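Let me begin by presenting the structure, written as structure tokens, before commenting on it.
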Protein chains: 2
Amino acid sequence: MTARATGGSAPEGYDKHAFEPFAVTVDLAVLTIRAGALDVLLVERGQEPYAGRWALPGGFVLPDESAETAARRELAEETGLADVSGLHLEQLRTYSEPGRDPRMRVVSVAFTALLPDAPEPRGGGDAAEARWRPYDTAGPLAFDHDRILADAHERVGAQLEYSCLATAFCPPEFTLGELQQVYETVWGGTLDRPNFRRKVLATPGFVEPVPGAARLTGGRGKPAALYRAGTAAALHPPLLRPPREGSPA
Amino acid sequence: MTARATGGSAPEGYDKHAFEPFAVTVDLAVLTIRAGALDVLLVERGQEPYAGRWALPGGFVLPDESAETAARRELAEETGLADVSGLHLEQLRTYSEPGRDPRMRVVSVAFTALLPDAPEPRGGGDAAEARWRPYDTAGPLAFDHDRILADAHERVGAQLEYSCLATAFCPPEFTLGELQQVYETVWGGTLDRPNFRRKVLATPGFVEPVPGAARLTGGRGKPAALYRAGTAAALHPPLLRPPREGSPA
DNA sequence: CCTCTTTATAGTCGTAGCGACTATTAATTC
DNA sequence: GAATTAATAGTCGCTACGACTATAAAGAGG
């Protein structure tokens, strides 16, 4: 059933308020790490407004979808991945400023998605060309997508402290060096390797060793032991970000 | 399939037949602490569906409003407070399951609001009677409001750990005992008073003493020093919740 | 082959934070 | 004025953590 609710045609219970139907969309901040840099998936706009500018992938929520379902569908379309069921997808927040789209009233539910490997995106369907772009030089983006992307970055950075989210950037089996690089890339600094190792291994359920003493050969140094994501969801104790300069008075 | 608003092949502007308009509402989880118990502001529904059941206050987002603006307007209407500009209001998440309202497609942006004192709510406008109810015996609520309320509780509990949010439950000047009671009420346990005091005072910017060595008299024991909310937004180091039983293997 | 480089892993040391606990102080109540 | 209540001060021992050093195991290049 379609809601044509402007004026007096609102359903029972809503008729005391006049309300305007809004378009509801999802926007995706799809993040990955390639060559030690944080990359974001962007699409190039072909028409006004913001023609030629890059934007976050997204689209309308269909009548029988939740926002989460729509976001996962868009994620599959934009990345071209066959199976996105295991990927980390999380609602960020909703952006509803009246003027955020000059054409009409659009309320957008933003999501953050994290990918381990980074396949080159295949432009799905009629979508404009999609590409990985470095996070640092991504902007300025169309609409309020700069802010959405910044919010996503901040949220992911904060969640690395107290959740196992970092493993979502890693392949199924990974070394502690790769895991550390996730933290360093998202937080933008360097961490002490022995200390990082001690903290990760001291946190129960964060990672577990791959059976058989598997090691990753082919690198330049000593082969690293392989680990899998553990069963814990939260980190106790948390892995706190080193404080920025100037914090302690 | 469906034309995409951000796609390259769509004609000028949005294709009006590509999406279905949704009603967009806000729902508020308004929390306070009264007599050492966590209370939530609820309204009684007068009509189907869920007639006679309690629900979170909320309403439609008007055409010229953002969701935040609508939430603050609803907060003022439901609580009857003249000035809600200083109250803590924060977006929680958006609920968009297709069947969450049996009448029509409603996407609801949920907010959490924290109040220090607890004036008896005046039923604002045509709203049904609004009342403070204890959090523990609030359910079952109408629609998916049980889940929204639970999500709000969990979010607030988590934010107490690493933000100064607890002061939002307190009046402008408060004692450390009152602040501790906020933590105990939301987390549902007891904290050691000397240790709590030491941690709060050791966190720069969390609280600052009221000038003049002001103290709160009239209580039964030794008068407590009065404090104000500090200037910091985040807590360094965080005030971690005591681990639940069974967490360490 | 031997050595240098690179990376992983092991361990040390001093400090800060924190949980558990005891002691003291200053008000009200009986 | 003694008992009660609550705030504040302080102690003790353990753990976590940052900074640092040392060792092990691979490839690179002569």
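To find a chain, count down the sequence lines: A is the first, B the second, and so on, and within it residues start at 1. Computed from a prediction, not measured in an experiment: that's the story for all the values here.
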Separation of D:dA24 P from A:Arg197 CZ (nearest whole Å) = 15 Å

Residues in residues 158-166 of chain B with a heavy atom under 4.0 Å of DNA chain D, by number, are none

Looking at residues at least two apart in the chain, or sitting in another chain, which of them share a side chain to side chain contact (heavy atoms under 4.5 Å, CB included) with A:Thr190?
-> A:Glu184

Listed pairs under 3.5 Å, donor-acceptor, residues 132-141 of chain B side chains, sequence neighbours left out:
from     : atom 1 : to       : atom 2 : distance (Å)
B:Trp132 : NE1    : B:Pro119 : O      : 2.9
B:Tyr135 : OH     : B:His153 : ND1    : 3.1

According to the side-chain hydrogen bond (donor to acceptor under 3.5 Å, both in side chains) rule, which pairs have a member within residues 195-207 of chain B, sequence neighbours left out?
-> B:Asp192-B:Asn195, B:Asn195-B:Arg198

Partners passing side chain to side chain contact (heavy atoms under 4.5 Å, CB included) against A:Ser66 (at least two apart in sequence or in another chain) = A:Glu68, A:Thr69, B:Ser96, B:Glu97, B:Pro98

Residue list, side-chain hydrogen bond (donor to acceptor under 3.5 Å, both in side chains) with A:Thr94, at least two apart or on another chain = B:Thr94

Listed partners of B:Gln159 passing side-chain hydrogen bond (donor to acceptor under 3.5 Å, both in side chains), at least two apart = B:Glu90

Fit a plane to each ring of A:Tyr162 and B:Tyr162, take the angle between them on a 0 to 90° scale, and name the class: parallel (under 30°), tilted (30 to 60°) or perpendicular (over 60°).
-> parallel

A:Ala168: what forms a side chain to side chain contact (heavy atoms under 4.5 Å, CB included) with it, not counting sequence neighbours?
-> A:His88, A:Leu114

Pairing residues for B:Arg228 by the salt bridge (charged side-chain N to carboxylate O under 4.0 Å, His left out) criterion, not counting sequence neighbours = B:Glu173

How long is the line joining CD of B:Gln180 and P of D:dT5, in whole Å?
-> 17 Å

Whole-Å gap separating P (D:dG10) and CZ (B:Phe196) | 20 Å

Whole-Å distance, A:Leu201 CG to C:dG11 P, equals 13 Å

Whole-Å distance separating the CZ atom of B:Arg241 from the C1' atom of C:dC18 | 18 Å

B/S/- contact track for nucleotides 11-21 of chain D, protein heavy atom under 4.0 Å = B-----BBBBB

Identify the residue among B:Leu115, B:Leu31, B:Leu179, B:Thr185 that makes a side-chain contact (heavy atoms from CB on, under 4.5 Å) with B:Phe169.
-> B:Leu31

Are any protein N/O atoms closer than 3.5 Å to N/O atoms in nucleotides 3-7 of chain C? If there are, list each pair with its distance.
from  : atom 1 : to       : atom 2 : distance (Å)
C:dT7 : O2     : A:Lys222 : N      : 3.2

Applying side-chain hydrogen bond (donor to acceptor under 3.5 Å, both in side chains), name anything that partners A:Arg155, two or more places apart in sequence or on another chain.
-> none

